[in-house]
Q: 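One structure coming up, written as C-alpha coordinates, with questions to follow.
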2 protein chains.
Amino acid sequence: MTHIRPYTQVLDRLRNAALRPTRQRLALARILFEHGDRHLTAEHLHTEALQAGIRVSLATVYNTLHQFTAAGLLREIVVDAGRSYFDTNTSVHHHFFNERTGVLEDIPGGDIVVDRLPAAPPGMTIKRVDVIVRIDR
Amino acid sequence: MTHIRPYTQVLDRLRNAALRPTRQRLALARILFEHGDRHLTAEHLHTEALQAGIRVSLATVYNTLHQFTAAGLLREIVVDAGRSYFDTNTSVHHHFFNERTGVLEDIPGGDIVVDRLPAAPPGMTIKRVDVIVRIDR
DNA sequence: GTGTTTGCAAAGTGTTTGCAATTTA
DNA sequence: TAAATTGCAAACACTTTGCAAACAC
(Lines give C-alpha, C1' and ligand atoms only; values in the text may rest on other atoms or scores of the structure.)
Protein backbone atom coordinates (compact mmCIF):
# COMPACT_ATOMS: atom_id res chain seq x y z
CA MET A 1 0.00 0.00 0.00
CA THR A 2 1.50 3.21 -1.19
CA HIS A 3 0.35 6.81 -1.10
CA ILE A 4 0.28 6.86 -4.88
CA ARG A 5 -3.33 5.74 -5.01
CA PRO A 6 -5.11 9.11 -4.46
CA TYR A 7 -3.05 10.76 -7.19
CA THR A 8 -3.92 8.18 -9.82
CA GLN A 9 -6.74 10.05 -11.47
CA VAL A 10 -4.84 13.32 -11.67
CA LEU A 11 -1.69 11.54 -12.82
CA ASP A 12 -3.62 9.94 -15.64
CA ARG A 13 -4.94 13.31 -16.72
CA LEU A 14 -1.42 14.63 -17.00
CA ARG A 15 -0.18 11.52 -18.78
CA ASN A 16 -3.03 11.65 -21.28
CA ALA A 17 -2.16 15.26 -21.96
CA ALA A 18 1.51 14.30 -22.45
CA LEU A 19 2.49 16.61 -19.62
CA ARG A 20 5.24 15.43 -17.31
CA PRO A 21 3.87 15.04 -13.82
CA THR A 22 6.28 17.40 -12.15
CA ARG A 23 5.84 18.30 -8.52
CA GLN A 24 4.33 21.67 -9.43
CA ARG A 25 1.98 20.42 -12.13
CA LEU A 26 0.77 17.59 -9.98
CA ALA A 27 0.11 19.86 -7.03
CA LEU A 28 -1.71 22.43 -9.15
CA ALA A 29 -3.72 19.72 -10.87
CA ARG A 30 -4.85 18.35 -7.52
CA ILE A 31 -5.99 21.79 -6.36
CA LEU A 32 -7.84 22.25 -9.62
CA PHE A 33 -9.37 18.84 -10.18
CA GLU A 34 -9.93 17.24 -6.80
CA HIS A 35 -12.52 19.70 -5.59
CA GLY A 36 -15.33 19.73 -8.13
CA ASP A 37 -16.02 22.57 -10.54
CA ARG A 38 -13.86 25.57 -9.88
CA HIS A 39 -13.34 29.03 -11.38
CA LEU A 40 -9.95 30.44 -10.59
CA THR A 41 -7.64 33.18 -11.72
CA ALA A 42 -3.89 32.66 -11.83
CA GLU A 43 -3.51 34.71 -8.67
CA HIS A 44 -6.15 32.63 -6.87
CA LEU A 45 -4.43 29.41 -7.78
CA HIS A 46 -1.02 30.74 -6.84
CA THR A 47 -2.29 31.89 -3.46
CA GLU A 48 -3.99 28.56 -2.78
CA ALA A 49 -0.88 26.67 -3.72
CA LEU A 50 1.29 28.74 -1.40
CA GLN A 51 -1.25 28.33 1.41
CA ALA A 52 -1.11 24.58 0.86
CA GLY A 53 2.64 24.77 1.27
CA ILE A 54 3.47 24.21 -2.37
CA ARG A 55 6.44 26.22 -3.54
CA VAL A 56 5.59 27.33 -7.05
CA SER A 57 6.17 30.57 -8.91
CA LEU A 58 3.45 32.67 -10.47
CA ALA A 59 5.12 32.21 -13.86
CA THR A 60 4.74 28.46 -13.53
CA VAL A 61 1.10 28.87 -12.54
CA TYR A 62 0.51 30.81 -15.74
CA ASN A 63 2.41 28.28 -17.82
CA THR A 64 0.48 25.44 -16.26
CA LEU A 65 -2.91 27.06 -16.73
CA HIS A 66 -2.18 27.60 -20.40
CA GLN A 67 -0.83 24.10 -20.91
CA PHE A 68 -3.90 22.62 -19.22
CA THR A 69 -6.16 24.82 -21.33
CA ALA A 70 -4.37 23.80 -24.53
CA ALA A 71 -4.77 20.17 -23.47
CA GLY A 72 -8.50 20.62 -22.97
CA LEU A 73 -8.34 20.12 -19.21
CA LEU A 74 -9.46 23.69 -18.53
CA ARG A 75 -11.50 26.32 -20.27
CA GLU A 76 -10.59 29.98 -20.18
CA ILE A 77 -13.46 32.38 -19.47
CA VAL A 78 -13.25 36.08 -20.20
CA VAL A 79 -15.63 38.15 -18.13
CA ASP A 80 -13.44 40.91 -16.89
CA ALA A 81 -11.01 43.01 -18.86
CA GLY A 82 -7.77 42.63 -16.99
CA ARG A 83 -7.84 39.05 -15.77
CA SER A 84 -8.66 35.57 -16.94
CA TYR A 85 -10.63 32.91 -15.16
CA PHE A 86 -10.06 29.24 -15.72
CA ASP A 87 -12.93 26.79 -15.39
CA THR A 88 -12.38 23.14 -14.51
CA ASN A 89 -15.72 22.29 -16.11
CA THR A 90 -14.96 21.94 -19.81
CA SER A 91 -18.41 20.83 -20.93
CA VAL A 92 -20.81 23.21 -22.66
CA HIS A 93 -22.38 25.46 -20.05
CA HIS A 94 -22.69 29.12 -19.14
CA HIS A 95 -21.95 31.50 -16.28
CA PHE A 96 -23.18 33.91 -13.70
CA PHE A 97 -20.71 36.67 -13.02
CA ASN A 98 -20.95 39.00 -10.08
CA GLU A 99 -19.00 42.08 -11.08
CA ARG A 100 -18.97 43.45 -7.57
CA THR A 101 -17.45 40.39 -5.87
CA GLY A 102 -15.61 38.95 -8.88
CA VAL A 103 -17.24 35.57 -8.28
CA LEU A 104 -17.85 33.49 -11.40
CA GLU A 105 -20.08 30.42 -11.18
CA ASP A 106 -21.68 27.86 -13.42
CA ILE A 107 -25.30 28.20 -14.38
CA PRO A 108 -26.68 24.87 -13.25
CA GLY A 109 -27.92 22.22 -15.62
CA GLY A 110 -28.47 22.71 -19.32
CA ASP A 111 -30.88 25.46 -18.42
CA ILE A 112 -30.03 28.14 -20.91
CA VAL A 113 -31.04 27.64 -24.50
CA VAL A 114 -29.55 29.87 -27.15
CA ASP A 115 -31.90 29.84 -30.11
CA ARG A 116 -31.98 31.26 -33.62
CA LEU A 117 -28.23 31.56 -33.64
CA PRO A 118 -27.29 33.17 -36.95
CA ALA A 119 -24.81 31.57 -39.30
CA ALA A 120 -21.23 32.75 -38.95
CA PRO A 121 -20.16 35.32 -41.56
CA PRO A 122 -19.03 33.80 -44.90
CA GLY A 123 -15.97 31.58 -44.55
CA MET A 124 -16.18 31.60 -40.77
CA THR A 125 -17.03 28.86 -38.32
CA ILE A 126 -18.58 29.20 -34.90
CA LYS A 127 -15.99 28.08 -32.42
CA ARG A 128 -17.86 28.67 -29.21
CA VAL A 129 -20.83 30.52 -27.77
CA ASP A 130 -20.33 32.17 -24.41
CA VAL A 131 -23.24 33.40 -22.36
CA ILE A 132 -22.40 35.57 -19.37
CA VAL A 133 -25.26 36.53 -17.08
CA ARG A 134 -24.06 39.55 -15.13
CA ILE A 135 -25.68 39.79 -11.73
CA ASP A 136 -25.79 42.53 -9.20
CA ARG A 137 -26.50 43.59 -5.65
CA MET B 1 -24.97 80.13 -42.02
CA THR B 2 -22.48 78.64 -39.66
CA HIS B 3 -20.66 75.34 -39.55
CA ILE B 4 -22.34 74.50 -36.25
CA ARG B 5 -25.18 72.69 -37.96
CA PRO B 6 -23.52 69.25 -38.49
CA TYR B 7 -22.46 69.08 -34.85
CA THR B 8 -25.95 69.64 -33.49
CA GLN B 9 -26.85 66.03 -32.91
CA VAL B 10 -23.59 65.21 -31.19
CA LEU B 11 -23.70 68.42 -29.18
CA ASP B 12 -27.13 67.50 -27.94
CA ARG B 13 -25.90 64.11 -26.84
CA LEU B 14 -23.21 65.72 -24.74
CA ARG B 15 -25.59 68.31 -23.32
CA ASN B 16 -28.12 65.64 -22.39
CA ALA B 17 -25.37 63.75 -20.62
CA ALA B 18 -24.35 66.92 -18.77
CA LEU B 19 -20.88 66.70 -20.28
CA ARG B 20 -19.24 69.94 -21.34
CA PRO B 21 -18.67 69.93 -25.07
CA THR B 22 -14.97 70.46 -24.96
CA ARG B 23 -12.91 70.30 -28.13
CA GLN B 24 -11.70 66.77 -27.26
CA ARG B 25 -15.05 65.34 -26.25
CA LEU B 26 -16.78 66.78 -29.26
CA ALA B 27 -14.19 65.42 -31.64
CA LEU B 28 -14.24 61.96 -30.04
CA ALA B 29 -18.04 61.95 -30.00
CA ARG B 30 -18.11 62.74 -33.71
CA ILE B 31 -15.75 59.86 -34.50
CA LEU B 32 -17.86 57.56 -32.38
CA PHE B 33 -21.37 58.59 -33.30
CA GLU B 34 -21.32 59.95 -36.84
CA HIS B 35 -20.39 56.69 -38.53
CA GLY B 36 -23.01 54.13 -37.54
CA ASP B 37 -22.42 51.26 -35.14
CA ARG B 38 -18.81 50.98 -34.11
CA HIS B 39 -16.74 48.75 -31.84
CA LEU B 40 -13.55 50.43 -30.74
CA THR B 41 -10.86 50.06 -28.13
CA ALA B 42 -9.30 53.08 -26.47
CA GLU B 43 -6.20 52.64 -28.62
CA HIS B 44 -8.29 52.47 -31.80
CA LEU B 45 -10.10 55.67 -30.94
CA HIS B 46 -6.91 57.45 -29.96
CA THR B 47 -5.24 56.47 -33.23
CA GLU B 48 -8.23 57.58 -35.27
CA ALA B 49 -8.35 60.88 -33.48
CA LEU B 50 -4.67 61.55 -34.11
CA GLN B 51 -5.06 60.56 -37.76
CA ALA B 52 -7.92 63.02 -38.02
CA GLY B 53 -5.58 65.70 -36.67
CA ILE B 54 -7.19 65.90 -33.25
CA ARG B 55 -4.70 66.49 -30.47
CA VAL B 56 -5.93 64.42 -27.56
CA SER B 57 -4.12 62.33 -24.98
CA LEU B 58 -4.76 58.66 -24.39
CA ALA B 59 -5.73 59.44 -20.80
CA THR B 60 -8.46 61.73 -22.05
CA VAL B 61 -9.66 59.05 -24.44
CA TYR B 62 -10.01 56.65 -21.51
CA ASN B 63 -11.75 59.29 -19.40
CA THR B 64 -14.11 60.10 -22.23
CA LEU B 65 -14.97 56.48 -22.98
CA HIS B 66 -15.82 55.87 -19.35
CA GLN B 67 -17.85 59.06 -19.04
CA PHE B 68 -19.79 58.18 -22.18
CA THR B 69 -20.36 54.67 -20.88
CA ALA B 70 -21.57 55.97 -17.52
CA ALA B 71 -23.92 58.31 -19.38
CA GLY B 72 -25.35 55.41 -21.38
CA LEU B 73 -23.94 56.65 -24.69
CA LEU B 74 -21.67 53.62 -25.01
CA ARG B 75 -21.65 50.04 -23.84
CA GLU B 76 -18.48 48.29 -22.75
CA ILE B 77 -17.98 44.79 -24.11
CA VAL B 78 -15.49 42.36 -22.62
CA VAL B 79 -14.40 39.68 -25.06
CA ASP B 80 -10.69 39.67 -24.63
CA ALA B 81 -8.73 39.57 -21.41
CA GLY B 82 -6.50 42.57 -21.67
CA ARG B 83 -8.55 45.14 -23.49
CA SER B 84 -12.02 46.61 -23.56
CA TYR B 85 -14.19 47.35 -26.54
CA PHE B 86 -16.77 50.09 -26.55
CA ASP B 87 -19.91 49.71 -28.63
CA THR B 88 -21.84 52.69 -29.93
CA ASN B 89 -24.95 50.53 -30.19
CA THR B 90 -26.44 50.55 -26.71
CA SER B 91 -29.58 48.57 -27.49
CA VAL B 92 -29.93 44.91 -26.51
CA HIS B 93 -27.99 42.82 -28.99
CA HIS B 94 -25.11 40.36 -29.15
CA HIS B 95 -21.75 39.91 -30.84
CA PHE B 96 -19.53 37.95 -33.12
CA PHE B 97 -15.93 38.06 -32.06
CA ASN B 98 -13.07 36.95 -34.26
CA GLU B 99 -10.26 36.11 -31.88
CA ARG B 100 -7.72 35.95 -34.64
CA THR B 101 -8.33 39.41 -36.08
CA GLY B 102 -9.73 41.05 -32.95
CA VAL B 103 -12.77 42.25 -34.89
CA LEU B 104 -15.97 42.56 -32.87
CA GLU B 105 -19.27 43.03 -34.69
CA ASP B 106 -22.96 43.10 -33.95
CA ILE B 107 -25.07 40.07 -34.65
CA PRO B 108 -27.70 41.51 -36.95
CA GLY B 109 -31.34 41.86 -36.02
CA GLY B 110 -32.93 40.38 -32.93
CA ASP B 111 -31.82 36.99 -34.18
CA ILE B 112 -30.54 35.34 -31.04
CA VAL B 113 -33.01 34.21 -28.44
CA VAL B 114 -31.77 33.26 -25.01
CA ASP B 115 -34.32 30.98 -23.45
CA ARG B 116 -34.88 29.24 -20.13
CA LEU B 117 -32.68 31.76 -18.39
CA PRO B 118 -32.45 30.70 -14.76
CA ALA B 119 -33.29 33.08 -11.95
CA ALA B 120 -30.39 34.95 -10.43
CA PRO B 121 -29.11 33.49 -7.15
CA PRO B 122 -31.07 34.61 -4.06
CA GLY B 123 -30.88 38.36 -3.47
CA MET B 124 -29.31 38.98 -6.85
CA THR B 125 -30.67 40.69 -9.93
CA ILE B 126 -29.76 40.04 -13.54
CA LYS B 127 -28.09 43.17 -14.80
CA ARG B 128 -27.27 42.09 -18.32
CA VAL B 129 -26.89 39.01 -20.48
CA ASP B 130 -23.95 38.97 -22.86
CA VAL B 131 -23.75 36.47 -25.68
CA ILE B 132 -20.43 36.25 -27.49
CA VAL B 133 -20.25 34.03 -30.54
CA ARG B 134 -16.58 33.29 -31.09
CA ILE B 135 -15.79 32.68 -34.73
CA ASP B 136 -12.76 31.30 -36.44
CA ARG B 137 -10.83 30.79 -39.65
C1' DG C 1 22.67 12.42 -20.65
C1' DT C 2 19.08 14.90 -23.08
C1' DG C 3 15.25 17.45 -23.45
C1' DT C 4 11.71 19.50 -20.47
C1' DT C 5 10.35 22.38 -16.83
C1' DT C 6 11.04 25.84 -13.36
C1' DG C 7 11.89 30.35 -11.17
C1' DC C 8 13.46 34.70 -11.24
C1' DA C 9 13.62 39.19 -12.72
C1' DA C 10 12.81 42.05 -16.39
C1' DA C 11 9.86 43.56 -19.88
C1' DG C 12 5.31 44.17 -21.88
C1' DT C 13 0.41 45.57 -22.34
C1' DG C 14 -3.54 47.97 -21.37
C1' DT C 15 -5.40 50.98 -17.91
C1' DT C 16 -5.66 54.32 -14.04
C1' DT C 17 -4.12 58.14 -11.18
C1' DG C 18 -2.16 62.62 -9.22
C1' DC C 19 -1.68 67.01 -10.11
C1' DA C 20 -0.45 71.44 -12.36
C1' DA C 21 -1.93 73.95 -16.32
C1' DT C 22 -5.70 74.97 -19.25
C1' DT C 23 -10.32 75.62 -20.63
C1' DT C 24 -15.35 76.23 -20.12
C1' DA C 25 -19.47 78.42 -18.46
C1' DT D 1 -13.35 83.34 -11.48
C1' DA D 2 -14.92 78.98 -10.00
C1' DA D 3 -15.37 74.47 -11.36
C1' DA D 4 -14.49 71.08 -14.83
C1' DT D 5 -11.30 69.12 -18.01
C1' DT D 6 -6.89 68.02 -19.99
C1' DG D 7 -2.21 66.02 -20.52
C1' DC D 8 1.71 64.27 -18.78
C1' DA D 9 4.30 61.05 -16.44
C1' DA D 10 4.31 57.87 -13.01
C1' DA D 11 2.06 54.07 -11.04
C1' DC D 12 -0.71 49.87 -11.61
C1' DA D 13 -2.44 45.12 -12.32
C1' DC D 14 -1.98 41.31 -14.85
C1' DT D 15 0.58 38.59 -18.03
C1' DT D 16 4.56 37.08 -20.82
C1' DT D 17 9.41 36.27 -21.79
C1' DG D 18 14.52 35.06 -21.62
C1' DC D 19 17.54 32.31 -19.77
C1' DA D 20 20.30 29.68 -16.36
C1' DA D 21 19.59 26.13 -12.96
C1' DA D 22 16.97 22.06 -11.67
C1' DC D 23 14.45 18.09 -12.85
C1' DA D 24 12.18 13.95 -15.29
C1' DC D 25 12.76 10.13 -18.07
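All figures in this text were calculated on a predicted structure; none of them were measured in a lab. A, B, ... follow the sequence lines: proteins, then strands. Residue 1 opens every chain.
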Q: Hey, does the side-chain of B:R20 have a donor or acceptor N/O within less than 3.5 Å of a partner on the base of C:dT24?
A: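 Donor-acceptor pair under 3.5 Å: yes.
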
Q: Which base sits across from D:dA4 as a Watson-Crick or G-U pair, both distances under 3.5 Å?
A: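 Result: C:dT22.
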
Q: Find the distance B:Y62:OH to D:dC8:P and express it as a whole number of Å.
A: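 Atom-to-atom, B:Y62 to D:dC8, this comes out as 16 Å.
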
Q: For D:dT6, take OP1 and OP2 only and decide whether either is under 4.0 Å from a side-chain N or O of B:T22.
A: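 Result: yes.
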
Q: How close or far is atom C1' of D:dT5 from atom CZ of B:F68, stated in whole angstroms?
A: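 Going from B:F68 (CZ) to D:dT5 (C1'), I get 13 Å.
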
Q: Would you say A:Q24 places a side-chain N or O within less than 4.0 Å of OP1 or OP2 belonging to C:dG7?
A: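 Affirmative; the distance criterion is met.
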
Q: Atom OH of A:Y85 to atom C1' of D:dA13: distance rounded to whole Å?
A: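 The answer, rounded to whole Å, is 13 Å.
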
Q: Do A:E99 and B:K127 sit within salt-bridge range, that is, some charged N less than 4.0 Å from a carboxylate O?
A: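 Between B:K127 and A:E99 there is a salt bridge, with a charged N closer than 4.0 Å to a carboxylate O.
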
Q: Would you classify B:S84 as touching base, sugar-phosphate or nothing, given that sugar-phosphate means primed atoms plus P, OP1 and OP2, and contacts are heavy atoms under 4.0 Å?
A: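 Counting heavy atoms under 4.0 Å across all strands, the contact made by B:S84 is with sugar-phosphate only.
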
Q: Measuring from the side chain of B:R83 (C-beta onward, heavy atoms only), which nucleotide among C:dT6, C:dG14, D:dC14 has the closest atom?
A: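 Nearest to the side-chain atoms of B:R83, counting from C-beta on, is C:dG14.
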
Q: If I take atom CG in residue B:L26 and atom P in nucleotide C:dT23, what distance separates them, rounded to the nearest angstrom?
A: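 Rounding to the nearest Å, CG of B:L26 and P of C:dT23 are 16 Å apart.
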
Q: Do the side chains of B:R38 and B:E48 get close enough for a salt bridge, i.e. N-O under 4.0 angstrom?
A: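 Answer for the salt bridge query: yes.
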
Q: Taking the six-membered ring of B:F86, is NZ or CZ of B:R75 closer than 6.0 Å to its centre and within 45° of its axis?
A: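 The answer is no; the distance or angle limit is not met.
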
Q: Rounded to whole angstrom units, what separation is found between the CG atom of B:N63 and the P atom of C:dC19?
A: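 Taking CG of B:N63 and P of C:dC19, I get 16 Å after rounding.
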
Q: State which of C:dT16, D:dT6, D:dA24 makes the closest approach to the side chain of B:H66.
A: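 Minimum distance to the B:H66 side chain belongs to C:dT16.
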
Q: Does D:dA22 have a Watson-Crick or wobble partner in any strand here, with both distances under 3.5 angstrom, and which is it?
A: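 When the pairing criteria are applied, C:dT4 turns out to be the nucleotide that pairs with D:dA22.
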
Q: Quickly work out the A:D80 CG to C:dT16 P distance and round it to whole Å.
A: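 Checked: the CG to P distance equals 11 Å.
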
Q: For B:A81 and B:S57, take the nucleotide of DNA chain D holding the closest heavy atom to each; which residue's nucleotide lies nearer the 5' end?
A: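 Nearer the 5' end of the strand: B:S57.
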
Q: From C-beta outward on B:P21, which listed nucleotide comes closest to its side chain: C:dA25, C:dG7, D:dT15?
A: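 It is C:dA25.
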
Q: Mind calculating the distance between CG (A:L19) and P (D:dC23) to the nearest angstrom?
A: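 Spelled out: CG on A:L19 to P on D:dC23 is 19 Å.
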
Q: Can you identify which nucleotide, out of D:dA4, C:dT16, D:dC14, has its nearest atom closest to the B:R25 side chain?
A: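 So the side chain of B:R25 is nearest to D:dA4.
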
Q: Using a strict threshold of under 4.0 Å (side-chain N to carboxylate O), is an ion pair present between B:D130 and B:R128?
A: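 Judged by the 4.0 Å cut-off on N to carboxylate O distance, B:R128 and B:D130 do form a salt bridge.
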
Q: Nearest heavy atom decides the nucleotide; on that basis, is A:R23 or B:T64 closer to the 5' end of DNA chain D?
A: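 Nearer the 5' end of the strand: B:T64.
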
Q: A:R55 has an atom CZ; how far is it from atom C1' of D:dA21, in whole Å?
A: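 Atom CZ in A:R55 sits about 12 Å away from atom C1' in D:dA21.
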
Q: Under the criterion side-chain contact (heavy atoms from CB on, under 4.5 Å), I'd like the reasoning laid out for B:H95 against B:I77: C-alpha separation, chi angles, the key distance, then a yes or no.
A: CA-CA 9 Å; B:H95 296 93; B:I77 312 284; 3.4 Å; yes

